Amino acid sequence: MQRRIGWLLATIIGIVAIIVVLVLYRSNEQPTRVRTMAEVNLKHNKQPFAKKGSDDGKYEPTKKDLANKNFVQTGQIKKVGQYQITENGLVQKWVDSKKVNQTITNGTLNYKIEQINVIKNTARTQNALVSARHTLNDRNISDKFTTLVINYRVTNNNAVTAITPGITAVKYPGSTTMSALSGIYNDGQLNTAGVVPYSTVVTTTTVLVPKKDVANLKSLNVQFATVKDSAGNEIEKPSAVNTITF
């Protein structure tokens, strides 16, 4: 009887040993933890349409770009037809320039609109597309889109520093309205340093152009935002809506 029990125990120990060996073998061949959806997406979506050689996340211009006389690698674009490429792969081409000479007065502040540039944007990488959507707060932006860069001067005729976001709304002829919540990106200097008393600041506002309005850019309705002092007290309410023609 004792001999049978001994054989039974030996058999059980042998079976357990075989199971342990099989488990360890499978552990070396396959991952023991299933990847989360976020991990799978991170690996799959890393620069899905970036140029080869950009594993560090910084986009490098192609040989074709470097040979193009209209490509501006450093400095600012100075004339229509030139283009730049951001570090994350957004191509920004200046395709038109509209001269404007119009002053909008809102209480103690004057806004002089001087120039509106039309920019064709092409995202060559996923990072560039995500960044554009974040900057303009519009998740529906495609890899090709158009923006306007409104160049203007702000003069503060007040005894206190004027703090304001800039342009709060832009309405296109096709009845589409862009707001500070979606489609408008103001240069942050007006909302941080502001405009000190009796001085002028040159600034810009970038506005997304809906595809249906790109071919009919002859005028814009613009409204400037509320103006406050450095303590947060309101100096001026939002301006009236003004039409800018070009």
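Note that the structure is predicted; figures quoted are calculated from it, not measured.
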Looking only at non-hydrogen atoms, find the nearest pair between [X] and [Y] and report the distance.
X: Val201; Y: Gly194; value: CG2-O, 4.2 Å
X: Thr125; Y: Ala128; value: OG1-N, 3.0 Å
X: Thr161; Y: Pro197; value: OG1-CD, 3.7 Å
X: Ile184; Y: Val170; value: CD1-N, 3.9 Å
X: Val222; Y: Ile244; value: CG2-CD1, 3.4 Å
X: Ser182; Y: Asp138; value: OG-CB, 4.1 Å

Check: [Y] and [X] side chains under 4.5 Å, non-hydrogen atoms:
X: Val130; Y: Gln126; result: yes
X: Thr155; Y: Ser199; result: no
X: Ile235; Y: Ile163; result: no
X: Leu148; Y: Tyr172; result: yes
X: Asn186; Y: Asn191; result: no
X: Lys112; Y: Asn101; result: yes
X: Thr86; Y: Tyr59; result: no
X: Val118; Y: Lys98; result: yes

With no hydrogens and no angle check, is any side-chain donor or acceptor of [X] less than 3.5 Å from a backbone partner on [Y]?
X: Asn242; Y: Ala240; result: yes
X: Gln102; Y: Thr243; result: yes
X: Thr192; Y: Gly188; result: yes
X: Asn68; Y: Asp65; result: no
X: Asn106; Y: Asn110; result: no
X: Arg124; Y: Gly89; result: no
X: Gln84; Y: Gly75; result: yes

(Q) Glu236 and side-chain hydrogen bond (donor to acceptor under 3.5 Å, both in side chains): which single residue from Thr108, Asn158, Thr164, Thr226 fits? (A) Thr108
From [X] [atom1] over to [Y] [atom2], what is the distance, rounded to the nearest 0.5 angstrom?
X: Leu136; Y: Met178; atom1: CG; atom2: CE; result: 9.0 Å
X: Asp96; Y: Lys120; atom1: CG; atom2: NZ; result: 10.0 Å
X: Gln223; Y: Thr177; atom1: CD; atom2: OG1; result: 10.0 Å
X: Asn117; Y: Gln115; atom1: CG; atom2: CD; result: 4.5 Å
X: Lys79; Y: Trp94; atom1: NZ; atom2: CH2; result: 10.5 Å
X: Thr245; Y: Ile113; atom1: OG1; atom2: CD1; result: 11.5 Å

(Q) Checking Arg153 against Tyr111: is there a side-chain donor and acceptor pair closer than 3.5 Å? (A) no
For the hydrophobic clusters of this structure (ILVMFWY residues joined by side-chain heavy atoms under 4.5 Å, transitively), does one cluster hold both [X] and [Y]?
X: Val91; Y: Val72; answer: no
X: Ile119; Y: Ile116; answer: no
X: Phe145; Y: Val95; answer: yes

(Q) Assess the residue pair Lys171 and Leu220 against the criterion (side chain to side chain contact (heavy atoms under 4.5 Å, CB included)); give the C-alpha distance rounded to whole Å, side-chain angles, the decisive distance to 0.1 Å, and a yes or no. (A) CA-CA 6 Å; Lys171 184 178 180 181; Leu220 299 172; over 6 Å; no
Q: Would you please test Lys211 and Ser142 for side chain to side chain contact (heavy atoms under 4.5 Å, CB included) and show each step?
A: CA-CA 10 Å; Lys211 290 182 179 180; Ser142 65; 4.0 Å; yes
(Q) Checking Thr204 now: which residues fulfil side chain to side chain contact (heavy atoms under 4.5 Å, CB included) with it, not counting sequence neighbours? (A) Val149, Asn151, Asp187
Q.
Please check if the number of heavy atoms outside Lys212 that lie under 6.0 Å from its NZ is greater than 12.
A. yes
Q. Just wondering, more than 12 heavy atoms not from Glu234 lying within 6.0 Å of its CD?
A. yes
Q: Could you walk me through whether Asn121 and Leu90 pass the side chain to side chain contact (heavy atoms under 4.5 Å, CB included) test, one step at a time?
A: CA-CA 7 Å; Asn121 304 268; Leu90 181 65; 4.1 Å; yes
Q.
I need the single residue from Ile167, Val100, Val202 that forms a side-chain contact (heavy atoms from CB on, under 4.5 Å) with Tyr152. Which is it?
A. Ile167
Q: Using the side-chain contact (heavy atoms from CB on, under 4.5 Å) rule, pick out the option among Thr206, Val207, Thr135 that qualifies with Thr147.
A: Thr206
Q) Tyr83 vs Phe71 aromatic rings, parallel, tilted or perpendicular, using cut-offs 30° and 60°? A) tilted
Q. What do the steps show when you test Asn157 against Leu109 for side chain to side chain contact (heavy atoms under 4.5 Å, CB included), and what is the final call?
A. CA-CA 6 Å; Asn157 298 308; Leu109 274 80; over 6 Å; no
